[in-house]
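Take a look at the structure below.
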Protein chains: 2
Amino acid sequence: MQNKIDLTIFRHGTGLLPSVSVDCVIFGFHDSQLKVLLLQPKGSCNKMLPGGFVQLSESLNEAAQRVLQERAGVKEIYLEQFYTFGAPNRTDDTIHKRYFNTIPIDLDENDWILKRFVSIGYYALTDFTKVKPTPDVLSDSCDWYDVYQLSELAFDHQEMVERALKTLRSKLDSDLVGFNLLPEVFTMQDLQNLYETILNEALLRTNFQRKILNLNILERLEKKMTGAANKAPYLYKFKK
Amino acid sequence: MQNKIDLTIFRHGTGLLPSVSVDCVIFGFHDSQLKVLLLQPKGSCNKMLPGGFVQLSESLNEAAQRVLQERAGVKEIYLEQFYTFGAPNRTDDTIHKRYFNTIPIDLDENDWILKRFVSIGYYALTDFTKVKPTPDVLSDSCDWYDVYQLSELAFDHQEMVERALKTLRSKLDSDLVGFNLLPEVFTMQDLQNLYETILNEALLRTNFQRKILNLNILERLEKKMTGAANKAPYLYKFKK
DNA sequence: ACTTTATTGTATCAAAATGATACAATAGTA
DNA sequence: TACTATTGTATCATTTTGATACAATAAAGT
């Protein structure tokens, strides 16, 4: 199943902001892996982040949300800007043109789409289980990939993922980010596992539990009977 | 004295990246005040940050450096990107056109310069005493203004200053930022004064001294005989 | 020369946060 | 009933931070 996307928007002068694009780094968590959402474009291009252009009537944030919905089928997600990428050669000419030539529209050789542009990076965390990645007509697939095992990506998208991850790490404590990465209810071990994966380092179980509980942001629910021969952990959910 | 600026760069298609600009928030410190560098454009416009467009051949960072040099006479300064501003109405139409009509060049009504654009914000800290603000031909003046006493600024430049200040505060400790705001040598009181002004809150003298000294980044020099009837403070400079 | 004053550098103590270890409780298995 | 693996919590040591005390000192006043 593919998303509808209005290809006329790619045509010059039909309501797009020239030279500007947005790219989205969407993090998910599954099987103890931190994942990122990537599109496999048609043709032989490397995988890329869901990205697109900005309409004249919308804000950058709105553009990021719309693009994410159109290209990956992900909607109603809180996105945060983390950096703007603008190296003159960031969209390597030949790759860039090859990519846009796979799009079934006529592009003038002088169209700004074929030239340099600046891309504003947005990132978000989302519950892996609640998202159904859906590729658009320009892509063969849309799927999750382990952040720590990425193949080479298109353009400067590797750098984008790295910088988004750095931002995520630095905001993990202060912004109590990372909440959207887990399902509704979870155990303390699930949460610690998430933290360890994002930070890529081991944490001391007892102190992690103390720290999180002292934040007073969790509501303790019933125990989770795992069937294992040991004490059952409590389930938690985030307070509102 | 005014800087030379090549006005042809404003003409459409002569090597500029459409729809994109950079704006610079330059902080200085003097008389116990945190200052920001502003231009007074010719005509009746509000004051504005030194900003300009991006040439096709340069990176965003290079553009910011060049623009700062051309418009305010400030050179060789380390700039850091802090946010990108892209609200659809951020350059209010009438003010925007009025401003660009003061520039002595012909602009087509359809020129992107008269339309919406996105601006990438850069900020920097600099030694007040080492900068000689110099306006360009488009401006009547270029001067320092107290960050906490700003009049209304052009476009969304107030928001830019606020966000730059927020970034500065959050990075003050971790990045040991704020060093460029003081002259070569200084007393502990000078440094504390700077911190208090940036954070806009009082700090305990003894603990501040302990904290800074424990960082092991200062080299203690001779005492500074102030002429006052009390113990003379040491001078310090930053280790390399 | 001695006292006074304002300020500086450092020590000290209490409180809070963090790191590390110990241990009892418990859901199942042998 | 004993055993095992894991969980929740307590405890203690260490480090960090907040608050106060105090001796040292450069100059002025007497």
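Below, all heavy atoms of this structure are taken into account, side chains as well, without hydrogens, waters or symmetry copies. Lettering of chains follows the sequences in order, A, B, ..., and the numbering in each one begins at 1.
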- Partners meeting salt bridge (Lys or Arg N to Asp or Glu O under 4.0 Å) with B:Asp190 (sequence neighbours left out): none
- Message: Could you work out, with salt bridge (Lys or Arg N to Asp or Glu O under 4.0 Å) as the rule, every residue matching B:Lys211, not counting sequence neighbours?
- Response: B:Asp173
- Of all the choices, D:dT11, D:dT25, D:dA27, which nucleotide is nearest to the side chain of A:Arg210 once you look at every atom? D:dT11
- Message: Which nucleotide wins on minimum distance to the side chain of A:Ala232, given the candidates D:dG8, C:dT10, C:dA27?
- Response: C:dA27
- Query: At how many degrees, to 10°, do the end axes of the helix from C:dA1-D:dT30 to C:dA30-D:dT1 meet when each uses five pairs?
  - Reply: 30°
- Message: My understanding is that only residues two or more places apart in sequence, or in another chain, count here; which of them pass salt bridge (Lys or Arg N to Asp or Glu O under 4.0 Å) with B:Asp127?
- Response: B:Lys130
- Query: Excluding sequence neighbours, so at least two apart, what forms side chain to side chain donor-acceptor pair (under 3.5 Å) with A:Asn200?
  - Reply: none
- Message: Any side-chain N or O of A:Gln189 below 4.0 angstrom from OP1/OP2 of D:dT7?
- Response: yes
- Looking for any heavy atom pair under 4.0 Å, which part of the strands does A:Lys223 touch: base, sugar-phosphate only, or nothing? sugar-phosphate
- Specify whether A:Phe117 and A:Phe53 have parallel, tilted or perpendicular ring planes, treating 30° as the upper limit for parallel and 60° as the lower limit for perpendicular. perpendicular
- Task: Check every atom of C:dG28, D:dT25, D:dT9 against the side chain of A:Leu213 and return the nucleotide holding the closest atom.
- Result: D:dT9
- Message: Taking 4.0 Å as the cut-off, does a side-chain nitrogen or oxygen of A:Gln209 come that near to OP1 or OP2 on D:dT7?
- Response: no
- Between D:dA26, D:dT6, C:dG9, spot the one nearest the side chain of B:Arg205, thanks. C:dG9
- Message: I want to verify a distance call: between C:dT7, D:dA5, D:dA21, whose nearest atom is closest to the B:Thr206 side chain?
- Response: D:dA21
- Message: Going by the rule salt bridge (Lys or Arg N to Asp or Glu O under 4.0 Å), which residues pair with A:Glu62 if we only count those two or more places apart in sequence or in a different chain?
- Response: none
- Between A:Lys231 and D:dA5, does any side-chain N or O lie under 4.0 Å from OP1 or OP2? no
- Item | Residue B:Leu204, side-chain atoms from C-beta onward, closest of D:dT20, D:dA5, C:dT8 | D:dT20
